[in-house]
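FYI, side chains are in, hydrogens and waters are out, and symmetry mates aren't considered; it's all heavy atoms of this structure.
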Amino acid sequence: MLRFHNTLSGQLEEFRPLREGEVKFYFCGPTVWDYAHIGNFRSIGVFGDTLRRYLKFKGYRVTHVMNVTDVDDRIIERSQQAGLSLNDYTAKYIDALWEDFDALGCERPDIVPRATDHIPEMVALIDRLTEGGHAYRSDDSIYFRITSFPDYGKLSKINFAGNIAGASERIDTDKYDKEDARDFALWKSARSPDEAAWDAHIGRGRPGWHIECSAMSMKYLGETFDIHAGGIDLVFPHHENEIAQSEAATGKPFARYWLHAEHLKVEGETMSKSKGNYFTFRDLVGRGFDPVAIRYALLSVPFRKQLNFTLDDLRGHEKTVVSLRDFRARLIEARTEPGTNPVMRAAAARALEEFESGLDDDLNTSVALAAIHNLKREVNKALDSCEMYEDDRVDILNLIARFDSVLNIFGMPERGLLDAEIQTLIDERQEARRRRDFARADEVRDQLLARGIILEDTRDGVRWKRRGA
RNA sequence: GGCGGCGUAGCCAAGUGGUAAGGCAGAGGUCUGCAAAACCUUUAUUCGUCAGUUCGAUUCUGACCGCCGCCUCCA
């Protein structure tokens, strides 16, 4: 039984979609003002992807929407500094986002709406709010009236009385006039003629941050949908405000399950540019780290726990990932006798049970990975002692494919065509070994190693692989 | 000040009211011409500290210490 921790209730709940067999989920995507860092990818990349893939594994038809926020204060400021239009400025980061998604092995969401393509939908939603008395105009901007939504705070459980006292220096710094410090902008009037703005009957301006997600999620998923997810920092104010806007406008529950991924730390500290521990995904790939190992790192701790990301561990994960690839390659290549071994059957069944019950428990990826490692050990042992038969081999390869349909950590099936030159050298070494000319055999092996080719002498012949693959 | 999370072996970590998954690193071994890979053994009498509840707590409660996050546009 699949369960999620729902931020709304603060509890682990059984997941039941609105419509049997079908899940509609919205993931709060990135603001494309810079390259996304590994923390972003823990959330919008691997968390969203695992959720999507596991729902499919469970047999659901999934509609996965992830927005791209391509207008906000920072983007406007930076694009002006760069002398570029909004679109020209964000295009670079959007392209990079998909490159990184692909390299990280994340499936792309089914629908990726951009804020700037949905201004009319946002204006229409603002109109609904205004008509319902939930919005008001001040200084040519439009604000949401929080006193008109009694449930405000139900997601974040924020206690405003105690809250405002201690954090007062950070509150109410807005330059606009609002009825209540908690009210937030739905539409911001253009302050200067050259800043990005849209003409609408409510005035020339741009949308507030929160309204885009309400407008776009409801457009693609309906006024009530199953899952809304994102990083934990979005709980307040972003998601709290989305709920207020959406439910005030429609009078219906907005999203039913709210899932949030914790942040990661780097070497035990908050990741920040000033601390010098700030990594974008492409930085790490550029430094030679295996993208699959990065994915493994992001999967190694359940999403609702803070993850301590360290380069030492990443090096360890690279080895782990290689051993998983080797494991599958060995199974693909093994020559087995016909038949089956009940012990292997049982091991496979146990692995599937552990994998699924782990992920059923609020996507506990640590448990799912442990199930795979335990299976790997049992299978390797059986292969060592010839207790693996053809039916087992095929079953387990299929099982690995199922596991990998969720986690995607076994990497691409390597081994394209054998490089003829490499094969010639391997043959020459085998001939030398037959002559017991080990000096020559080692020389060939070293020669190949120098070119990044690692040889392994196995019972089923010589295997070779590229270093790091 | 308000709200939330965390503190488990050298490192990253899962987890449970009944006696500690998994990965990496280390040590020894099997296999091998030697390697590599794989496998085996080994590495926490113990889960931040101190009390309490209980037949029994790492797991529940309280206090304390330490760390992290959110508190108006940050994944």
Side-chain angles (χ1 to χ4, degrees), chain A residues 7 10 27-31 36-45 47-48 69 72-74 156-168 170-174 178 181-185 188 208-210 230-238 240-241 260-265 268-271 296-297 300-302 304-310 312-323 326-327 329-330 354 358 361 364-374 376-377 379-385 433 436-438 441-442 445-446 449 454-459 463 465:
Chain A
T7 308
F27 205 99
C28 262
T31 302
H37 57 65
I38 49 169
N40 293 314
F41 282 117
R42 184 188 195 200
S43 172
I44 62 171
F47 175 48
T69 300
D72 84 327
D73 289 1
R74 262 177 325 201
S156 58
K157 282 94 182 162
I158 275 189
N159 160 353
F160 287 93
N163 194 16
I164 289 170
S168 55
R170 274 179 287 160
I171 288 208
D172 207 9
T173 53
D174 210 297
K178 297 190 287 189
R182 299 173 299 164
D183 290 349
F184 56 90
K188 298 172 153 184
W209 176 33
H210 317 296
I232 190 152
D233 55 299
L234 298 178
V235 173
F236 188 86
H238 186 51
E240 193 68 64
N241 290 352
H260 293 100
E262 255 294 353
H263 284 185
L264 55 73
K265 298 187 280 189
E269 297 193 5
T270 312
M271 178 167 63
Y296 188 98
S300 67
V301 179
R304 242 162 41 73
K305 288 210 168 188
Q306 289 180 347
L307 175 159
N308 188 11
F309 189 91
T310 73
D312 267 356
D313 288 321
L314 189 54
R315 287 181 197 103
H317 294 318
E318 287 188 315
K319 295 184 184 179
T320 305
V321 158
V322 168
S323 83
D326 283 351
F327 162 54
R330 185 180 182 197
E354 287 171 6
D361 181 19
N364 190 328
T365 44
S366 300
V367 169
L369 288 171
I372 291 175
H373 287 296
N374 288 330
K376 165 179 170 275
R377 197 181 336 101
V379 168
N380 275 326
K381 203 190 307 189
L383 285 167
D384 281 349
S385 57
R433 292 178 75 202
R436 303 191 70 76
D437 179 359
F438 296 120
D442 289 351
R445 184 168 60 192
D446 291 345
L449 185 62
I454 297 167
L455 298 189
E456 294 176 7
D457 296 329
T458 74
R459 182 164 45 221
R463 280 193 65 214
K465 63 181 179 183

Next item on the list: Compute whether any side-chain donor of one residue and acceptor of the other, for A:N374 and A:R377, lie under 3.5 angstrom apart.
Entry: yes
Margin query: Applying a 4.0 Å non-hydrogen cut-off, can you work out what A:R330 is touching in the nucleic acid: base, sugar-phosphate, or nothing?
Written below: sugar-phosphate
Next item on the list: Looking only at side-chain atoms of A:R377, point me to the closest of B:rC68, B:rG22, B:rA38.
Entry: B:rG22
Notebook entry, point to check: Base, sugar-phosphate, or nothing: which does A:I372 touch, judged by heavy atoms less than 4.0 Å apart?
Noted result: nothing
Notebook entry, point to check: What is the pairing partner of B:rG52, taking Watson-Crick or G-U wobble pairs with both distances under 3.5 Å in any strand?
Noted result: B:rC60
Margin query: Is A:K305 close enough to B:rA14 that one of its side-chain N or O atoms is under 4.0 Å from OP1 or OP2 there?
Written below: yes
Note to self: Closest approach to the side chain of A:D442, judged atom by atom: which nucleotide of B:rC73, B:rG5, B:rG33 is it?
What the structure shows: B:rG33
Margin query: One thing to verify: whether A:D442 and A:R445 come together as a salt bridge, which I'm taking to mean a side-chain N less than 4.0 angstrom from a carboxylate O.
Written below: yes
Checklist line | Nearest-neighbour nucleotide for the A:V367 side chain, B:rC70, B:rC40, B:rA14 considered | finding: B:rA14
Next item on the list: Quick one: sort the A:H238 and A:W209 rings into parallel, tilted or perpendicular, breaks at 30° and 60°.
Entry: parallel
Notebook entry, point to check: Taking OP1 and OP2 of B:rA25, is either one under 4.0 Å from a side-chain nitrogen or oxygen of A:K319?
Noted result: yes
Notebook entry, point to check: Using centres under 5.5 Å plus planes under 30 degrees as the test, is A:H317 stacked with B:rG23?
Noted result: no
Checklist line | Contact under 4.0 Å: A:N380 side-chain N or O vs B:rC39 OP1/OP2 | finding: yes
Next item on the list: Report which part of the nucleic acid A:R304 touches: base, sugar-phosphate, or nothing (heavy-atom distance under 4.0 Å, all strands).
Entry: nothing
Check: Any idea which of B:rA38, B:rC70, B:rU72 is nearest the A:P237 side chain?
Finding: B:rU72
Next item on the list: Return the nearest nucleotide to the side chain of A:R433; candidates are B:rC34, B:rC74, B:rA13.
Entry: B:rC34
Check: Is any side-chain nitrogen or oxygen of A:N241 closer than 4.0 Å to OP1 or OP2 of B:rU72?
Finding: no
Check: Considering only side-chain heavy atoms of A:H373, which listed nucleotide, B:rG22, B:rC68, B:rC34, is closest?
Finding: B:rG22
Note to self: Among B:rC68, B:rA38, B:rA14, which nucleotide has an atom closest to any side-chain atom of A:Q306?
What the structure shows: B:rC68
Notebook entry, point to check: A:D384 and A:K381: salt bridge (charged side-chain N to carboxylate O under 4.0 Å, His left out), yes or no, with the steps?
Noted result: CA-CA 5 Å; A:D384 281 349; A:K381 203 190 307 189; over 6 Å; no
Next item on the list: Counting heavy atoms from C-beta on, name the nucleotide in B:rU72, B:rA37, B:rA38 closest to the side chain of A:E456.
Entry: B:rA37
Notebook entry, point to check: Has the side chain of A:D457 got a donor or acceptor that lies under 3.5 Å from a partner of the other kind on the base of B:rC34?
Noted result: yes
Next item on the list: Give one of base, sugar-phosphate or nothing for A:L264, where a contact means two heavy atoms less than 4.0 Å apart.
Entry: base
Next item on the list: Please work out if A:P30 contacts a base, only the sugar-phosphate, or nothing of the nucleic acid, heavy-atom cut-off 4.0 Å.
Entry: nothing
Notebook entry, point to check: Does the B:rC34 base have a donor-acceptor partner in the side chain of A:R445 within less than 3.5 Å?
Noted result: yes
Notebook entry, point to check: Which listed nucleotide (B:rA75, B:rG22, B:rG33) is nearest to the side chain of A:N374?
Noted result: B:rG22
Check: Is A:S323 touching bases, backbone alone, or none of the nucleic acid, heavy atoms closer than 4.0 Å?
Finding: sugar-phosphate
Next item on the list: Using a heavy-atom cut-off of under 4.0 Å over every strand shown, decide if A:H238 touches base, sugar-phosphate, or nothing.
Entry: nothing
Check: Hey, is the side chain of A:R182 poking within less than 4.0 Å of OP1 or OP2 on B:rC71, counting only N and O atoms?
Finding: no
Notebook entry, point to check: Any idea which of B:rC70, B:rC34, B:rG22 is nearest the A:F236 side chain?
Noted result: B:rC70
Notebook entry, point to check: Do A:N364 side-chain atoms and A:P302 backbone N/O form a donor-acceptor pair below 3.5 Å?
Noted result: no
